[in-house]
2 protein chains.
Amino acid sequence: MRPTVHDIAAAAGVSLATVDRVLNQRPGVRRITREKVETAIREIGYVRDVAAANLAKSRTYPLVFILPASDNSFMHGLHAEIREAMIRSPSERTSIRTVEVAAFNPAALVTALEKLADERPAGVALVATDAPEVVAAVDKLVTDGIPVVTLVSDLTGSRRHHYAGVDNIAAGRTAARLLGRFLGDAKGEVAVLAGSMLVRDHRERLEGFAALMAQEFPKLSILPVLEGRDDPELAHMLVADVLSKHERVIGIYSLGAGNRGLVRALKERASSRPLTVVAHELTVHTRAALIDGTIDAILNQNAGHEVRSAIRVLKAKADGLAVIDAQERIRLDIFLKDNLP
Amino acid sequence: MRPTVHDIAAAAGVSLATVDRVLNQRPGVRRITREKVETAIREIGYVRDVAAANLAKSRTYPLVFILPASDNSFMHGLHAEIREAMIRSPSERTSIRTVEVAAFNPAALVTALEKLADERPAGVALVATDAPEVVAAVDKLVTDGIPVVTLVSDLTGSRRHHYAGVDNIAAGRTAARLLGRFLGDAKGEVAVLAGSMLVRDHRERLEGFAALMAQEFPKLSILPVLEGRDDPELAHMLVADVLSKHERVIGIYSLGAGNRGLVRALKERASSRPLTVVAHELTVHTRAALIDGTIDAILNQNAGHEVRSAIRVLKAKADGLAVIDAQERIRLDIFLKDNLP
DNA sequence: CCAAATTTGATGTACGTAAATCAAAAAATT
DNA sequence: AATTTTTTGATTTACGTACATCAAATTTGG
């Protein structure tokens with residue numbers, strides 16, 4: 001049987017009330033007594049029964065998700081997963097609220113973060129826009145004792161407790177190797193379509209991609225990055241343009257969202273010269289393109305896992321509990337047409 | 001606020017005791033009353049607070065894991081993950097016991113399963129050996145109301161509640177495409193190293209691999225399968241032999257465990273002709289070989305996820321609760337040297 | 001319509017923790 | 001030593017559910 005507060009009391013030779021005072025950091029306990037109790041806790045290996053404690057406290061975990069107001073499949077998917085989590089809220093004792101802020105806009109994000117200081121939620125998850133003032137705002141929350149996790153895009157240099165997202169440098173390198181290996185001995189040019197170089201995850205993917213390409217596949221040269229702003233129309237135009245102007249393009253890496261335009265441009269092109277394409281994020285569009293052979297591989301981050309992981313981590317941090325690191329590592333999914341879920 | 005038993009009682013116009021009788025299927029309630037209560041439950045959307053219920057019942061979930069006594073890295077890893085889960089047992093209210101049975105031995109497995117009927121654990125997870133008598137034994141447990149999940153290797157045709165493992169046909173197909181694409185235009189032979197064709201997961205991987213190879217990469221021909229019985233020594237011998245005898249081997253698919261022998265054989269070979277290798281299961285040996293370039297890709301199933309998923313599912317089934325399907329899908333990891341965890 | 005059987009209600013205890021109150025004891029201050 | 005202050009103990013209620021007991025009400029059978 002797992003030890004309870006009664007066992008601590010007996011072991012430390014104090015009353016239940018004193019144990020409670022120590023456990024919940026209530027005042028009115030002498031140093032010596034406090035230490036006696038703490039020793040007893042360590043010695044009998046007591047761990048608070050979180051379920052019972054939450055029951056007694058009628059505790060719920062008010063969580064806030066701050067998301068960019070972006071209109072692409074991935075963000076829609078992320079929203080959908082958060083809605084799913086809201087449905088499960090009653091049984092998980094969470095109460096989740098989402099806040100939408102303008103995308104790629106540090107100021108808007110900072111404003112949203114500052115508002116939370118008074119509200120004091122049990123935890124905050126945010127898709128970070130990478131800027132010093134955002135780091136400061138996040139650090140402020142952390143200092144105030146509010147658990148913070150970054151979602152999808154990290155905020156390096158900040159004191160956030162956790163990052164629920166993939167390693168984007170590794171993703172870029174993986175894309176490079178897939179493209180390089182799939183292209184075999186062929187020589188030629190590779191086009192890169194990104195959303196915006198202002199977002200950290202896109203920058204990191206490009207960084208990893210370019211590094212590995214240069215290092216291992218020197219016979220492939222990378223064309224200047226196309227910034228499609230995750231907009232299907234713009235992406236379509238850019239890709240169609242590069243394909244018509246550059247004869248020697250034999251590979252494309254699409255590292256952002258909004259791949260609808262890319263797929264359309266690929267299907268419209270006149271030349272029948274083979275083209276190897278690696279793209280990010282599994283959506284209805286990329287999935288169809290993978291199946292019909294327009295895209296060769298998709299790198300994906302599972303939004304559902306990211307959301308559930310963020311919630312688990314926030315709850316654990318709010319209670320000062322440990323997390324299972326291996327469980328919370330968000331893996332990079334590689335999908336070929338054969339292992340689609 | 002989430003409705004409680006009191007709310008049901010008020011809504012149905014009965015006492016708490018009657019609600020309790022209905023909820024816990026205790027006798028002594030008239031049909032009409034029972035229906036009145038059940039309607040109220042549905043209408044106010046009551047769901048039992050499992051945490052509170054488990055507290056009141058002092059409930060623990062006695063779970064049994066039945067594992068083959070195989071001496072390879074993957075099974076060691078699986079054991080390690082179960083030990084980790086045992087450490088977490090107190091806070092998860094589980095009490096986990098493992099049973100080791102002879103590998104590839106239906107009779108031994110059946111004996112172990114039959115013993116469990118009396119013990120009546122809250123759930124059983126087993127690495128299935130594929131045989132009709134095992135199906136019968138599993139179905140017996142299911143009929144007795146004991147939740148059963150298969151782990152790593154499935155038992156098709158049985159009434160097990162869930163399978164915590166990867167889709168092995170898809171894994172085989174994925175291996176085939178990786179190998180085929182990595183080899184580009186090259187023509188030649190491909191060797192396949194398996195553990196045993198008596199195990200379902202190995203059979204399925206081969207099936208998927210052979211099918212996709214024939215369909216999409218006809219210029220690559222598959223040599224007769226080598227059965228290494230997951231034994232490093234035997235695998236070493238078989239691979240060394242096939243490499244020396246077949247000049248035209250340009251690819252290898254290792255779909256079983258015990259890849260230490262394979263790696264050794266690859267490093268020892270004289271010829272410098274390039275060889276593309278896809279193997280299963282990330283272990284210290286395959287990881288090192290991936291990094292040094294001996295292996296080109298590793299397909300992996302995450303044992304930790306499988307164990308945690310099996311536990312979650314067994315607990316949910318024991319309580320008659322729903323599981324989050326997307327969360328419990330065990331994904332096939334594809335590791336290149338760039339996305340290693 | 002009465003007795004027996006069944007059904008329902010009322011009530012209390014338990015699970016492990018949180019939180020509050022009030023009294024008693026111990027320590028610190030004068 | 002007397003007083004004030006601080007510390008500790010004892011006890012109670014609560015969270016939402018499970019489970020048991022006994023009394024009261026209702027239904028059923030004869």
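A note on names: the letters A, B, ... follow the listed sequences, proteins ahead of strands, and every chain is numbered from 1.
A:Ile8 has its CD1 atom 13 Å from the C1' atom of C:dA18, to the nearest Å. A straight line from CZ of B:Arg21 to C1' of C:dT7 spans 8 Å, rounded to a whole angstrom.
Test B:Val138, B:Val148, B:Thr143 against B:Arg159 for side chain to side chain contact (heavy atoms under 4.5 Å, CB included) and you get one pass: B:Thr143. With B:Ser309 as the partner, the side chain to side chain contact (heavy atoms under 4.5 Å, CB included) test is satisfied by one option alone out of B:Arg329, B:His162, B:Gln327: B:His162.
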Filtered N/O pairs between nucleotides 26-30 of chain C and protein, under 3.5 Å:
none

Protein-nucleic acid N or O pairs under 3.5 Å, nucleotides 16-20 of chain D:
from	atom 1	to	atom 2	distance (Å)
D:dG16	N2	B:Ala52	O	3.2
D:dT17	OP1	B:Tyr46	OH	2.7
D:dT17	OP1	B:Asp49	N	3.2
D:dT17	OP2	B:Val5	N	3.0
D:dA18	OP1	B:Arg48	NE	2.6
D:dA18	OP1	B:Arg48	NH2	3.1
D:dA18	OP2	B:Asn24	ND2	3.4
D:dC19	OP2	B:Arg26	NH1	3.3

* Would you please test B:Arg42 and B:Glu38 for salt bridge (charged side-chain N to carboxylate O under 4.0 Å, His left out) and show each step? => CA-CA 6 Å; B:Arg42 255 179 286 108; B:Glu38 279 162 353; 5.3 Å; no
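Around NE2 of A:His6, the count of heavy atoms belonging to other residues, nucleotides or ligands within 6.0 Å does not exceed 12.
With hydrogens and angles left out, the side-chain atoms of A:Ser89 and A:Thr94 include a donor and acceptor closer than 3.5 Å. A:Asn24 and A:Arg48 are linked by a side-chain donor-acceptor pair at a separation below 3.5 angstrom, with hydrogens and angles left out of the test.
Heavy atoms only, all atoms of each residue included: A:Asp154 and A:Arg200 are closest at O-CD, 3.6 Å.
Using a 4.0 Å cut-off between charged side-chain N and carboxylate O, B:Asp7 and B:Arg2 make no salt bridge.
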